[in-house]
Protein chains: 2
Amino acid sequence: MSGAPQTHHPHDASSAERRREILEISAQLFAERGYRGTSMRHIAEKVGMLPGSLYYHFRSKESLFVDIHDRALDETAARIEAAMSLHTDPWDRLEAACAEMLDIQLNPASLTLPIMNNLHSVPEEVTDALVRKRDEFELIFRRLVDALPLEEDIDRSIYRILLLRQLNTADGWYREGRLTRREIARQILRIFRHARTD
Amino acid sequence: MSGAPQTHHPHDASSAERRREILEISAQLFAERGYRGTSMRHIAEKVGMLPGSLYYHFRSKESLFVDIHDRALDETAARIEAAMSLHTDPWDRLEAACAEMLDIQLNPASLTLPIMNNLHSVPEEVTDALVRKRDEFELIFRRLVDALPLEEDIDRSIYRILLLRQLNTADGWYREGRLTRREIARQILRIFRHARTD
DNA sequence: CCTACCGATCGGTAGG
DNA sequence: CCTACCGATCGGTAGG
């Protein structure tokens, strides 16, 4: 319960802070320019240290990325569960989850912009671990979708995949101004809402 | 009408063939590993020439990518227009277009796998040209969606964007075997079909 | 966390 | 289309 990070070196308070700072800054860079397009030198520059110094905090670029990815998913899962729990109706629960997810994905100031997709820009050695973590995360949506009173000719597996794609890739086209995040969540749900009439 | 490529050097028949071969092979590599993850050396190796020789056929890696992108969109537009034109009902036309689009996006042997999204893996100098070309292509879907008898509280602009996202990113999750491309097109349309009842 | 550095790889070019 | 090469950049490390 101490919450100590699983680092491989002394983790006093200031070191943990610094580590967190590196995570947040590099998360933004990875989100903007992709894994390969983001160099350790660039990260170091924005953090305000020299390139080699990053390796005092992280073993490698890959482990830095995996760390961001895992933390982002954990935090996102927690926020979504909290938002869902305020509702009981299955459609309301789904909408709350989607709105929260969009809010996270579309907020550039967010600590958590994981590059949820386009894993082919990440070296193959780490994709296995990322996919496993992601599958675990998506169980939330599997449960949400399974609880829906959907029309019977809709494949729930495809339905879930399509919905998640929509949420995860929204940052690729969203532009501040025209529509709020919440209005977009509404429109997505508007399209995906196919209630069984019983 | 000669169909001669707009190259900057002699384009006899065999040179045009070679050029085409480079385009097809590099298109696949770009699709698999992203722009930055694909090196000119790797392309050259798969084509069967030495790295420097690629520059006999293309001015730069960027221009090679832009060329692939433009050709892919032109060919895709032509195929979609042909598929659409077999129908008159707006929903049938949309479904035909989507099925064709999916068929292209999900076919690994296809000459045209453009990496339609994730433009942030491409250097900024070329994204303007790519986005312009893409906007032009998407006019097809703008017309298709505008012709639909949609329920009135659905934003056609968002609707079009969401549908295109779905089609363009399908290769990120599709796995051969479980469902055919046509069944997926059906499921997507099943979700996006919200007819006005009038 | 800095200094100083390594080997590998990259896009690209001159000259034939 | 090959030979031979360039400068730049990359992830990472030793030693302090």
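These values consider heavy atoms only, across backbone and side chains, with no hydrogens, waters or symmetry-generated copies. Each chain gets a letter, A, B and so on, in the order the sequences are listed, and its residues count up from 1.
By the side chain to side chain donor-acceptor pair (under 3.5 Å) test, B:R186 is found to be paired with B:E95, residues two or more places apart in sequence or in another chain being considered. The ring-ring contact (aromatic ring centres under 6.0 Å, His included) search around B:Y159 returns B:F192, not counting sequence neighbours. Partners of B:R18 under the side-chain contact (heavy atoms from CB on, under 4.5 Å) rule, at least two apart in sequence or in another chain, are B:E21, B:V47, B:M49, B:H57. Looking at residues two or more places apart in sequence or on another chain, you find no salt bridge (charged side-chain N to carboxylate O under 4.0 Å, His left out) involving B:D89. Residues satisfying the side-chain contact (heavy atoms from CB on, under 4.5 Å) test with B:L144, not counting sequence neighbours, are B:M84, B:R93, B:L94, B:A97, B:I140, B:F141. Qualifying salt bridge (charged side-chain N to carboxylate O under 4.0 Å, His left out) partners for B:D74, counting only residues two or more places apart in sequence or in other chains: B:K133. Residues forming a salt bridge (charged side-chain N to carboxylate O under 4.0 Å, His left out) with A:E45 (at least two apart in sequence, or on another chain): none.
Geometric assessment of A:K61 against the ring of A:F30 yields a negative cation-pi assignment under the 6.0 Å and 45° thresholds.
With pairs defined as Watson-Crick or G-U wobble and both atom distances under 3.5 Å, the stems of at least three pairs that touch DNA chain D come out as C:1-16 with D:1-16.
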note = B/S/- along nucleotides 2-16 of chain D (protein heavy atoms under 4.0 Å) is BS------BBBB---
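One atom, CD of B:E17, and another, C1' of D:dC1, lie 16 Å apart when rounded to the nearest Å.
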